[in-house]
Amino acid sequence: MENLGYIAVLLAFLLSGYATAAALGGKLRSNPFLEVSAQRAVVGAWLMTSAATGILLHAILTDNFSFNYVASRSNVDLDLLYKVAALWGGQEGSLLFWSWIAATYTFVAVYTGRARHRSMISYVVVTMAATQAFFLGLVTFTANPFQVIMSGPQITSVPDGQGLNPLLQHPMMAIHPPMLYLGYVGFTVPFAFALASLVTRQPGERWIHTTRIWTMVTWLFQSIGILLGANWAYVVLGWGGYWGWDPVENASLLPWITGTAFLHSVMMQEKKGMMKVWNIILISSTFFLCIFGTMMTRGGLVSSVHAFAESDIGIYFVWYLFIGISITAYLIASRLDYLRSEAELDSVVSRESSFLFNNVVLLASCFAVLWGTLFPVISEYFTGDKITVGAPFFNKVNVPIGLFLLFLTGVGPLFAWRRTSAESLRRNFQWPAVAALVCAAALVAGGMRHFYATVCFALCAFVTLTVLMEFYRGGKVIRRKRGGSLLAAMVELTHRNTRRYGGYLVHMAIVLMFIGFAGAAFNRVHQQEMAVGDSVAVGPYEFKLQNVSEMDNPNFFRAVASIDVSRRGEFLQTLMPERRFYHASQQPTSRVDVRNRLNEDVYLVYAGQSGDGANPVIQVYINPLVNWIWIGAVLLVLGTLVALIPNKSLRRSARRATLKEQPVAATGD
C-alpha cells in the first residue's frame with residue numbers, strides 16, 4: 001500500500017508539472033490542444049492527490065503502524081475523530097493534506113472559470129499548477145508520509161503508535177486546521193487570476209469580480225480558522241487567554257490583514273477605476289504571506305507551540321518566494337501603463353479617502369506584526385543573540401492601530417463617494433458622536449479608569465449607531481413604499497444590496513469582538529495550592545475544593561478536581577478541571593473547565609501538583625466579556641455569507657436569462 005501511495009503522489013507531481021508546462025506552452029504557441037490537455041492534467045492531479053490522501057487516511061484508521069508517519073502520529077487507543085485529525089497532525093501528513101486542498105481548489109477554479117475567462121484561464125492554470133507542483137514536490141522528495149518502518153519478512157511486530165500530540169486531542173483540532181488550510185491555500189486562486197490579468201492585460205471588471213468573490217470565500221475560511229484557533233488556545237492551553245502573539249498565530253493573521261485591505265480597496269477599482277497597482281500588490285502580498293507563514297510553521301524559522309518539528313525544507317520555500325516575488329514584481333513593473341488609475345481622489349472627506357486610510361492603517365499593523373515576529377531571527381543574524389519580542393510590544397503597537405481601524409469602520413458608511421458636504425457630516429455624525437460621548441462619560445462616572453478600554457467601548461457605541469442608522473434609513477424608505485414592518489423592510493433592504501449590508505453585519509461583528517477584547521483589561525488571576533476542603537476567594541467569587549477523583553483508560557490517566565463556585569455566598573456551579581497524563585506520548589496536559597456568561601467567564605485550571613505531590617495547584621481566572629468574541633465570530637460568518645449572496649436584482653436577471661434559454665414546448669391543435 002505504501003508503494004501505491006507514493007506512486008499516486010509522484011504521478012500527481014508529474015501531472016501538475018505537465019499542466020504548468022502545457023498551459024504555458026499552449027498559450028505561447030496558440031495551441032488549444034495543449035491548453036485543453038493542461039486542464040485535463042489538473043483533473044488527473046486532483047484524482048492522484050485524492051487517492052494518496054485516501055491511502056494515508058486508510059492507514060491511520062486501520063492502525064497500519066508499518067507506516068512511520070502513522071506510528072508517530074496515531075495510536076490504537078485514539079478516538080476516531082483524533083485519528084482523522086492525525087492526517088494533518090504532523091509535517092508529512094499536513095503537507096499532503098495541503099496539496100490535496102490545493103489540487104481541489106485548482107480543479108474547481110479552472111473548471112468553473114474556463115468558460116467565463118477563456119482568454120486567461122491557461123495562465124491561471126500555470127500559477128495554480130506550479131504552486132501545487134511545489135508542494136507535491138516537497139511531499140515526494142523531502143517529506144514522504146509513506147515511508148515504512150520495516151518491510152518484507154523482517155516484520156515481526158509493530159508498535160501501538162506514539163499517539164497524537166495531547167494538545168491536539170480536542171474536537172476543535174478536527175476543524176481548526178482544515179479551515180485555516182482552506183484559507184491559506186485558497187488565496188492562491190485570486191492571486192492566480194490577478195497574475196493572469198496582468199499577463200493578458202485583461203480589460204473590464206469580470207476578472208475583478210471573480211477575484212473578489214474568491215477572496216471573500218478564502219478570507220472567510222481564514223477568519224474561521226483564526227477564530228477557532230483562538231478558541232482552542234482558550235479552552236485547551238490553560239493559560240486563560242485566546243491570543244498570545246505567538247509567531248504561528250501571527251503568521252495566520254498577516255494574510256488576513258492584507259486580504260481585508262484588498263476587500264476594501266478593490267471596491268475603489270470596481271467603482272472608480274482607482275488603486276489598480278495597489279490592489280495587485282495587496283492580493284500578491286496576501287498570497288506570498290500565506291507561503292511565508294507556511295515556511296515559518298514548517299521550516300524551523302521560529303519556535304512555537306503550534307509549529308511542526310524543525311526540518312530542512314525552509315530553503316525550498318525561500319527559493320519559491322524569491323522566484324514568485326521576482327516574477328510578480330516584473331509583471332507589475334511592465335504593466336504600469338495598463339494599471340494607470342482612471343480617476344483621482346477628489347476630497348479627503350470622502351468614502352474613497354476612508355478606504356485609503358483603512359488600507360494604510362491595516363498595512364501599518366501588518367508591518368508591525370511582521371517586524372515583531374521576525375525580530376528574534378533578525379537580531380540573532382546581526383548580533384548572535386536571539387532577542388524575543390513578547391506580547392507587550394504587540395499590544396503597545398496594535399491596540400492604538402486597532403482602535404483607529406474601529407473608528408474608520410464607523411466613519412466609512414457616513415462618507416459619500418467623491419466628496420462629503422458639511423451638512424451631511426453634521427447630520428450623519430451627530431448622533432453617533434453623542435452616543436460615544438455618553439458611553440465614555442457613563443463609564444468614567446461608573447469608575448472605569450482604563451484609557452484604552454474606555455475609548456474602545458465609546459467607539460463601539462459610535463460604530464453600532466452608524467450601522468443601525470444605515471439599516472434604519474434604508475428600511476424606512478422601503479417601508480414607506482411597500483408597507484409592512486420595519487424589520488421586514490430591513491430584510492428586503494439587505495436582499496437588494498447583500499454586499500453592502502452583509503459588510504455592515506461584518507462591521508457589527510468586529511464591534512462585538514472588540515467589546516470582548518476590551519474586557520481583557522480587567523482580567524484577574526490567582527494561583528493556589530489547595531487541599532480537599534480548602535477555599536479561596538477571588539473577587540466576588542469563592543472556590544472550594546470538594547474532592548479529587550482519579551480515572552484511567554488506555555489513552556490517558558486523569559485526575560479531576562471538583563470545585564464548588566459561589567458568588568457572595570450563593571452557590572453557582574461545580575467546575576471540574578482535569579490534569580491528564582497520556583500513556584503513549586508520556587506527556588501531561590491540563591483540561592480547563594469554564595463557567596461561560598456574557599458578563600464574564602470563571603475559568604479554572606488544574607495546573608499540576610504541589611512540590612510534595614500531595615495537593616493540586618489550581619489557577620483561577622476571571623475573564624470579563626470573553627464570550628462577546630465568539631458571538632462576534634458567529635455574526636462575522638453570517639455577514640460574510642450574506643455578502644456572498646447575489647443581490648435580488650441579479651438573481652431575478654439570472655432567472656429571466658434561464659427562462660429565455662429554455663425551449664418553448666410545442667402545442668398541438
Side-chain angles (χ1 to χ4, degrees), residues 212-213 215-217 219-220 223-224 227 256 259-268 270-271 350-355 357-359 361-362 402-417 420 424-425 427-433 435-436 439 456 458-479 485-516 628-629 631-650:
R212 180 179 61 79
I213 293 297
T215 304
M216 287 181 66
V217 171
W219 180 88
L220 175 61
S223 301
I224 295 173
L227 291 166
W256 184 90
T260 303
F262 173 78
L263 287 173
H264 284 83
S265 65
V266 76
M267 287 188 276
M268 300 273 284
E270 288 181 291
K271 292 181 178 294
S350 63
R351 189 165 295 189
E352 292 94 327
S353 68
S354 73
F355 284 140
F357 288 139
N358 178 281
N359 270 233
V361 176
L362 281 169
L403 292 176
F404 188 58
L405 282 172
L406 183 61
F407 171 71
L408 290 176
T409 299
V411 166
L414 303 181
F415 285 159
W417 290 103
T420 306
S424 176
L425 283 176
R427 184 177 64 253
N428 290 332
F429 272 93
Q430 179 178 357
W431 291 113
C439 178
C456 183
L459 288 175
C460 287
F462 176 85
V463 178
T464 298
L465 197 55
T466 63
V467 172
L468 293 178
M469 285 170 58
E470 285 293 299
F471 276 95
Y472 174 75
R473 288 170 178 167
K476 188 169 66 172
V477 172
I478 293 177
R479 186 179 64 172
S485 67
L486 181 61
L487 179 61
M490 289 191 289
V491 171
E492 174 65 19
L493 177 71
T494 305
H495 277 303
R496 292 185 181 185
N497 196 337
T498 53
R499 181 180 174 186
R500 179 177 181 178
Y501 290 96
Y504 288 157
L505 291 177
V506 172
H507 286 182
M508 273 305 305
I510 299 299
V511 168
L512 296 181
M513 286 191 281
F514 265 82
I515 291 173
W628 290 99
I629 299 174
I631 296 171
V634 174
L635 184 58
L636 182 142
V637 173
L638 176 63
T640 308
L641 292 175
V642 169
L644 284 167
I645 299 172
N647 292 337
K648 195 171 186 179
S649 59
L650 294 177

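It should be emphasised that the depicted structure is a prediction, and the values quoted were computed from it without experimental measurement.
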If you measure from [atom1] on [X] to [atom2] on [Y], what distance do you get to the nearest 0.5 Å?
X      : Y      : atom1 : atom2 : answer
Leu493 : Met490 : CG    : CE    : 8.5 Å
Asn359 : Phe355 : CG    : CZ    : 9.0 Å
Tyr501 : Arg496 : OH    : CZ    : 10.5 Å
Cys460 : Leu512 : SG    : CG    : 8.0 Å
Phe262 : Met267 : CZ    : CE    : 11.0 Å
Leu641 : Met216 : CG    : CE    : 9.0 Å

[X] to [Y] - nearest heavy-atom pair and separation:
X      : Y      : result
Ala433 : Phe462 : N-CD1, 3.8 Å
Arg212 : Leu263 : O-CD2, 4.0 Å
Lys476 : Leu486 : N-CD1, 3.9 Å
Leu403 : Phe514 : N-CE2, 4.4 Å
Trp219 : Gly259 : CD1-C, 4.1 Å
Ala461 : Ala435 : CB-O, 4.0 Å

> Does a sphere of radius 6.0 Å around OH in Tyr472 hold more than 12 heavy atoms from other residues, nucleotides or ligands, not counting ones at 6.0 Å or beyond?
Replying inline: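 Open: at most 12 neighbouring heavy atoms sit under 6.0 Å from OH of Tyr472.
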
>> Taking side-chain hydrogen bond (donor to acceptor under 3.5 Å, both in side chains) as the definition, give me every residue that meets it alongside Trp628, ordered by chain and number, with sequence neighbours left out.
In response: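 Trp628 satisfies side-chain hydrogen bond (donor to acceptor under 3.5 Å, both in side chains) with no other residue.
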
> Do Tyr504 and Thr466 come within less than 4.5 Å of each other through their side chains, counting heavy atoms only?
Replying inline: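 Sidechains of Thr466 and Tyr504: no contact.
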
>> Arg479: which residues meet the salt bridge (charged side-chain N to carboxylate O under 4.0 Å, His left out) condition with it, sequence neighbours left out?
In response: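 None.
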
> Given the rule in the side-chain contact (heavy atoms from CB on, under 4.5 Å) test, do Leu220 and Ile224 qualify, once you have shown the distances and angles that lead to the verdict?
Replying inline: CA-CA 6 Å; Leu220 175 61; Ile224 295 173; 4.0 Å; yes

>> Go through it in stages, so that I can follow the logic: the residues are Arg499 and Asn497, the test is side-chain contact (heavy atoms from CB on, under 4.5 Å), and I'd like the CA-CA distance, side-chain angles, deciding distance and then a yes or no.
In response: CA-CA 6 Å; Arg499 181 180 174 186; Asn497 196 337; 4.2 Å; yes

> Between the main-chain N or O of Ile645 and the side-chain N or O of Thr498, is there a donor-acceptor pair closer than 3.5 Å?
Replying inline: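 Side chain of Thr498 to backbone of Ile645, a donor-acceptor pair under 3.5 Å: yes, one is there.
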
>> Between Thr640 and Ser223, is the side-chain contact (heavy atoms from CB on, under 4.5 Å) condition met? List the steps.
In response: CA-CA 10 Å; Thr640 308; Ser223 301; over 6 Å; no

